[in-house]
Colleague: 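Got a structure for you, questions after.
Atoms considered below: every heavy atom in the structure, side chains included; atoms not considered: hydrogens, waters and symmetry mates.
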Amino acid sequence: MKIKTTSIRPFIGAENFEISRGFYKDLGFEEIVLFPNMSFFKTQEGLGFYLQDAYVKDWIDNTMIFLEVEDVQACWDNLLSLDLTSKYKNARLVPIRNQDWGRECFLHDPSGILWHFGEFSKP
């Protein structure tokens with residue numbers, strides 16, 4: 001690629017937009033409302049994604065987002081402390097797994113979007 005890039009922002013859908021908005025705010029993302037049916041959610045570092053009030057089951061069931069973190073254990077501990085699985089129906093956590101390339105844990109949002117939180121091995 002011969003152009004300078006500054007961010008990448010996937011679009012994800014929601015089965016219930018209001019529930020998903022609450023979920024992502026509870027997860028720690030900052031919401032910027034763009035339209036009544038679309039918001040931008042970002043981290044403190046400015047990484048983010050667009051959440052849409054749109055639901056296509058095949059799309060949602062096949063959406064995965066990988067978010068690289070510095071410390072997957074700290075991320076896991078934070079995810080547990082948020083108690084998202086009690087607050088949100090269908091939200092699920094999968095504990096840390098060690099892979100050849102590093103470590104990761106998983107979070108399914110209320111609609112079924114699969115988040116990978118991963119830490120790459122350091123050489």
Side-chain angles (χ1 to χ4, degrees):
M1 187 168 257
K2 295 184 179 188
I3 58 171
K4 182 179 177 181
T5 59
T6 56
S7 74
I8 188 166
R9 298 178 177 192
F11 288 78
I12 64 172
E15 185 171 10
N16 182 308
F17 186 62
E18 293 306 316
I19 289 173
S20 290
R21 288 178 66 210
F23 176 84
Y24 285 111
K25 287 187 275 189
D26 284 351
L27 188 54
F29 287 94
E30 177 188 345
E31 180 183 23
I32 299 168
V33 176
L34 302 173
F35 306 103
N37 61 351
M38 183 186 297
S39 290
F40 178 64
F41 285 86
K42 68 177 186 167
T43 65
Q44 291 177 342
E45 299 80 16
L47 302 174
F49 62 93
Y50 296 103
L51 178 69
Q52 302 174 91
D53 187 6
Y55 182 72
V56 177
K57 185 172 176 22
D58 286 346
W59 172 42
I60 299 294
D61 288 348
N62 288 287
T63 298
M64 293 185 280
I65 299 174
F66 184 95
L67 184 62
E68 183 180 356
V69 297
E70 288 182 349
D71 182 342
V72 78
Q73 184 64 55
C75 178
W76 175 251
D77 294 343
N78 180 63
L79 290 171
L80 288 176
S81 75
L82 297 173
D83 199 26
L84 297 169
T85 57
S86 294
K87 295 177 186 175
Y88 295 94
K89 183 182 175 188
N90 300 327
R92 291 188 300 128
L93 282 168
V94 179
I96 295 172
R97 294 184 183 167
N98 294 314
Q99 310 288 359
D100 292 343
W101 53 265
R103 304 171 70 206
E104 68 180 335
C105 61
F106 307 90
L107 172 65
H108 295 261
D109 86 353
S111 299
I113 304 277
L114 175 59
W115 284 79
H116 297 242
F117 296 92
E119 171 189 354
F120 291 101
S121 299
K122 293 162 182 67

Colleague: Using the rule that two of Ile, Leu, Val, Met, Phe, Trp, Tyr join whenever any of their side-chain heavy atoms come within less than 4.5 Å, decide whether Val69 and Val94 are in one cluster.
Modeller: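 No, Val69 and Val94 fall in different hydrophobic clusters.
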
Colleague: Using atom types as modelled and distance alone, determine if a side-chain donor or acceptor of Ser111 lies under 3.5 Å from a backbone N or O of Ile113.
Modeller: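 No; zero donor-acceptor contacts below 3.5 Å.
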
Colleague: Taking the side chain as every heavy atom from C-beta outward, state whether Leu93 and Leu84 have any atom pair closer than 4.5 Å.
Modeller: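 Result no, sub-4.5 Å side-chain heavy-atom pair not found.
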
Colleague: Return all side-chain donor-acceptor pairs below 3.5 angstrom for residues 100-107, not counting sequence neighbours, or 'none' if the list is empty.
Modeller:
from   : atom 1 : to     : atom 2 : distance (Å)
Arg103 : NE     : Asn98  : OD1    : 3.0
Glu104 : OE1    : His116 : ND1    : 2.9
Glu104 : OE2    : Gln99  : NE2    : 3.4

Colleague: Consider only side-chain heavy atoms of I, L, V, M, F, W and Y, link residues closer than 4.5 Å, and tell whether Phe40 and Ile65 are in one cluster.
Modeller: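 Cluster IDs for Phe40 and Ile65 differ.
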
Colleague: Check residues 8-15 and write down every donor-acceptor pair under 3.5 Å in which the side-chain atom is one partner and the other belongs to a residue at least two apart or another chain.
Modeller:
from : atom 1 : to    : atom 2 : distance (Å)
Arg9 : NE     : Ser7  : OG     : 3.4
Arg9 : NH1    : Tyr50 : OH     : 3.1

Colleague: Do Phe66 and Phe120 have ring centres separated by under 6.0 Å?
Modeller: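 Judged by ring-centre distance (under 6.0 Å), Phe66 and Phe120 do meet the cut-off.
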
Colleague: In this structure, would Leu34 and Leu47 fall into the same cluster of hydrophobic residues linked by side-chain contacts under 4.5 Å?
Modeller: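 Not linked; separate clusters.
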
Colleague: Got a sec, which pairs hit side-chain hydrogen bond (donor to acceptor under 3.5 Å, both in side chains) with one end in residues 63-72, sequence neighbours left out?
Modeller: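 Counting only pairs at least two positions apart or across chains, no side-chain hydrogen bond (donor to acceptor under 3.5 Å, both in side chains) contact touches residues 63-72.
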
Colleague: Would you mind writing out the side-chain donor-acceptor pairs for residues 21-33 within the sub-3.5 Å range, not counting sequence neighbours?
Modeller:
from  : atom 1 : to     : atom 2 : distance (Å)
Arg21 : NE     : Glu31  : OE2    : 2.5
Arg21 : NH1    : Glu18  : OE1    : 2.9
Arg21 : NH1    : Glu18  : OE2    : 3.3
Arg21 : NH2    : Glu31  : OE1    : 3.1
Arg21 : NH2    : Glu31  : OE2    : 3.1
Tyr24 : OH     : Asp109 : OD2    : 2.6
Tyr24 : OH     : Trp115 : NE1    : 2.9
Lys25 : NZ     : Glu31  : OE1    : 3.3
Asp26 : OD2    : Tyr88  : OH     : 2.6
Glu31 : OE2    : Ser39  : OG     : 2.6

Colleague: Mind listing the closest non-hydrogen atom pair of Phe17 and Asn37 along with its distance?
Modeller: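 That closest heavy-atom pairing would be CZ-C, 3.7 Å.
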
Colleague: Transitively linked via ILVMFWY side-chain contacts under 4.5 Å: Leu82 with Leu51?
Modeller: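 Yes: a chain of side-chain contacts under 4.5 Å links Leu82 to Leu51.
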
Colleague: My understanding is that a hydrophobic cluster links ILVMFWY residues whose side chain heavy atoms are under 4.5 Å apart, including indirect links. Using that, what else belongs to the cluster containing Ile3?
Modeller: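 Under the 4.5 Å side-chain rule, Ile3 groups with Met1.
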
Colleague: For Trp76, run the side chain to side chain contact (heavy atoms under 4.5 Å, CB included) check against Val72, Leu80, Asn78 and tell me which one passes.
Modeller: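 The option that passes is Leu80.
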
Colleague: Show me the donor-acceptor pairs, under 3.5 Å and distance only, between side chains in residues 52-61 and residues at least two apart or in other chains.
Modeller:
from  : atom 1 : to    : atom 2 : distance (Å)
Lys57 : NZ     : Asp61 : OD2    : 2.7

